[in-house]
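Beneath this line is the structure, given in structure tokens, with notes to follow.
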Amino acid sequence: MKKISVLGITAFTTVLLTSCYYDNFKELNPESALSGSSNCDTIAAISYSAQILPIITEKCISCHGAGGSSPELSDHSTISSAINLLGSVRWDSGISPMPKSSTTKIPDCDIAKIRLWTAQGKPNN
């Protein structure tokens, strides 16, 4: 009888603990968006010149270029010091969403690249 009780309790505990586990894979691993598209390669390290600068040039520089809206995003120094860059493109609560005049975010792939670059210390490579 004791053997059945121990097995029953162990099985119940295992089911209980594993059934309560929930994580959103995309929230925990935003870099997974990099492999979700044929135009978005998964890479180990993000290059400022190859991945980040083209995103800024295409999506941001028309408003945030030299002499434009603040913050200026014209070179590595100004881009890497833009405190709310990641929050703005992700449209985080409490941060002004960018691009400002758009009703849609920049692509998830671009957001994932900016997040990875930020996580890697915003290297100037």
Side-chain angles (χ1 to χ4, degrees):
M1 185 73 164
K2 224 178 206 184
K3 198 177 207 182
I4 294 173
S5 295
V6 172
L7 288 175
I9 291 172
T10 303
F12 176 75
T13 304
T14 302
V15 169
L16 180 66
L17 292 176
T18 59
S19 66
C20 295
Y21 184 78
Y22 171 78
D23 279 329
N24 184 323
F25 182 77
K26 284 189 174 183
E27 286 180 16
L28 292 174
N29 301 291
E31 64 275 4
S32 68
L34 293 173
S35 60
S37 164
S38 60
N39 296 331
C40 195
D41 295 331
T42 301
I43 49 181
I46 298 295
S47 165
Y48 166 76
S49 58
Q51 283 93 19
I52 302 304
L53 188 57
I55 295 168
I56 300 299
T57 301
E58 180 184 345
K59 309 287 186 190
C60 310
I61 206 71
S62 62
C63 295
H64 293 280
S69 298
S70 181
E72 181 183 316
L73 300 174
S74 59
D75 59 30
H76 177 267
S77 175
T78 59
I79 295 168
S80 64
S81 64
I83 297 168
N84 294 324
L85 176 65
L86 183 57
S88 291
V89 297
R90 286 191 311 202
W91 293 13
D92 288 352
S93 178
I95 299 175
S96 183
M98 294 292 153
K100 196 167 205 87
S101 60
S102 179
T103 58
T104 58
K105 296 179 188 180
I106 67 171
D108 287 342
C109 177
D110 292 343
I111 293 171
K113 288 176 183 180
I114 293 169
R115 191 206 67 77
L116 284 172
W117 177 68
T118 300
Q120 293 169 359
K122 301 177 183 177
N124 187 4
N125 52 358

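Computed from a predicted model, the values in this text were never measured in an experiment.
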Would you please name every residue forming a side-chain contact (heavy atoms from CB on, under 4.5 Å) with [X], sequence neighbours left out?
X	result
S81	none
T103	none
P123	W117, Q120, N125
S102	P99, T104

With sequence neighbours excluded, tell me which residues meet salt bridge (Lys or Arg N to Asp or Glu O under 4.0 Å) with D92. R90

What are the two closest non-hydrogen atoms of S88 and S96, and how far apart are they?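 The answer is OG-O, 3.1 Å.
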
Least distance between heavy atoms, W91 atom then M98 atom: NE1-O, 2.8 Å

Pairs involving residues 71-88, ordered by first then second residue, that meet salt bridge (charged side-chain N to carboxylate O under 4.0 Å, His left out) (sequence neighbours left out): none

Verdict with supporting geometry, I106 and I114, side chain to side chain contact (heavy atoms under 4.5 Å, CB included): CA-CA 11 Å; I106 67 171; I114 293 169; 4.1 Å; yes

Heavy-atom side-chain contact between D110 and V89 under 4.5 Å: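 Heavy-atom side-chain distance check fails, nothing below 4.5 Å.
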
Side chain to side chain, I55 and K113, heavy atoms closer than 4.5 Å: yes

Are I95 and I79 linked, directly or through intermediate hydrophobic residues, by side-chain heavy-atom contacts shorter than 4.5 Å (ILVMFWY only)? no

How long is the gap from CD1 on I52 to OG on S47, to the nearest 0.5 Å? 8.5 Å

Counterpart residues, side chain to side chain donor-acceptor pair (under 3.5 Å), relative to S77 (two or more places apart):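 For S77 there are no side chain to side chain donor-acceptor pair (under 3.5 Å) partners, ignoring immediate neighbours.
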
Considering only distance and modelled atom types, tabulate donor-acceptor pairs under 3.5 Å from the side chains of residues 56-65, sequence neighbours left out.
residue	atom	partner	partner atom	Å
T57	OG1	L53	O	2.8
H64	ND1	S69	O	3.3
H64	ND1	P71	O	2.8

